[in-house]
Amino acid sequence: EDKVVQSPLSLVVHEGDTVTLNCSYEVTNFRSLLWYKQEKKAPTFLFMLTSSGIEKKSGRLSSILDKKELFSILNITATQTGDSAIYLCAVFYRDDKIIFGKGTRLHILP
Amino acid sequence: GAVVSQHPSRVICKSGTSVKIECRSLDFQATTMFWYRQFPKKSLMLMATSNEGSKATYEQGVEKDKFLINHASLTLSTLTVTSAHPEDSSFYICSASPKVLATSYNEQFFGPGTRLTVL
């Protein structure tokens, strides 16, 4: 069964802390893995990862993919209250299918 | 739990025809359903939000007469692309939430998407 599992389901940290969010997957014919930040309604695209070991970085956010161990991590350093959101991981696989994880709800305390 | 299905997964149609895409919540009641369009750079554009039994709320720039949304039951929402044109070709994704839409982010469970190709 194809699946995407995110952990933890929820996380509460203090401002300034660093967090690591996990996404593991089991799919047939993996194509790419995407990270989104969901605050209001529509998730905002963060990263797309297709190759193992290449870190993608945007400001305080970074992400990396391990295609051997079938997982990705999303790191957020020096967290701010504005980072509070649900972070979604999604995997494109086979011809044109997508599976979203259940998300990690991150709450940053001031 | 919280499984959302979409049908069909892929559809190819001729320009000018209408296409209906179904979104179903299989093991929960979806008070609110969302329809998205995914663009080549992988961003998701929210098209509309629908609450069961009421009219859909469309985002700015989305033609309500072209993209008809019906949320007739707590487990089914449909998106009909009317008089489809090649520029409507895209990946359409639905999501469903068991909660009535509040002011902040809610849990959304995503479907597997439908690839529409209009010739």
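We use all heavy atoms of the structure for the numbers below, so side chains are in, but hydrogens, waters and symmetry mates are not. Sequence lines set the chain letters: A, B, ... in the order given, protein chains first and strands last, and positions in each chain run from 1. Treat the numbers as computed from the prediction; the structure is a model and nothing was measured.
Annotation: residues 77-85 of chain B contacts chain A through no residue [non-hydrogen atoms, separation under 4.5 Å]. Heavy-atom neighbours of chain A within the stretch residues 5-19 of chain B, taken at a separation under 4.5 angstrom, comprise B/Ser9, B/Arg10.
Within 6.0 Å of CZ on A/Arg60 lie more than 12 heavy atoms contributed by other residues, nucleotides or ligands. By the neighbour-count criterion of 12 heavy atoms within 6.0 Å, atom CG of A/Leu109 is densely surrounded, having more than that number from other residues, nucleotides or ligands. For A/Lys57, the NZ atom counts as densely surrounded, since its 6.0 Å shell holds more than 12 non-hydrogen atoms of other residues, nucleotides or ligands. Counting heavy-atom neighbours within 6.0 Å of B/Lys64 NZ, excluding the residue itself, gives a total of 12 or less. A/Lys97 NZ: 12 or fewer foreign heavy atoms inside a 6.0 Å radius.
For B/Phe91 and A/Phe92, the gap between ring centers is short of 6.0 Å.
Under a hydrophobic clustering in which Ile, Leu, Val, Met, Phe, Trp and Tyr are joined whenever their side-chain heavy atoms come within less than 4.5 Å, directly or via other members, A/Phe71 and A/Leu21 fall into different clusters. Both A/Val19 and A/Leu46 are members of a single hydrophobic cluster when ILVMFWY side chains are connected at heavy-atom separations under 4.5 Å. The hydrophobic cluster containing B/Met45 also contains B/Tyr92, counting ILVMFWY residues as joined when their side-chain heavy atoms lie under 4.5 angstrom apart, directly or transitively. Cluster annotation: B/Val62 is connected to B/Trp35 through the hydrophobic network of ILVMFWY side chains, with a link wherever side-chain heavy atoms come within less than 4.5 Å. Hydrophobic clustering keeps B/Met33 apart from B/Leu74 (ILVMFWY residues linked when any side-chain heavy atoms are closer than 4.5 Å, directly or through intermediates).
Proximity to chain B involves both the backbone and the side chain of A/Ile98, based on heavy atoms less than 4.5 angstrom apart.
The shortest side-chain heavy-atom distance between A/Phe100 and B/Ser95 does not fall under the 4.5 Å cut-off. Using a 4.5 Å heavy-atom threshold, the side chains of A/Leu88 and B/Gln108 count as separate.
Under the side-chain contact (heavy atoms from CB on, under 4.5 Å) rule, A/Pro43 has a single partner from B/Ile93, B/Leu46, B/Leu44, which is B/Leu44.
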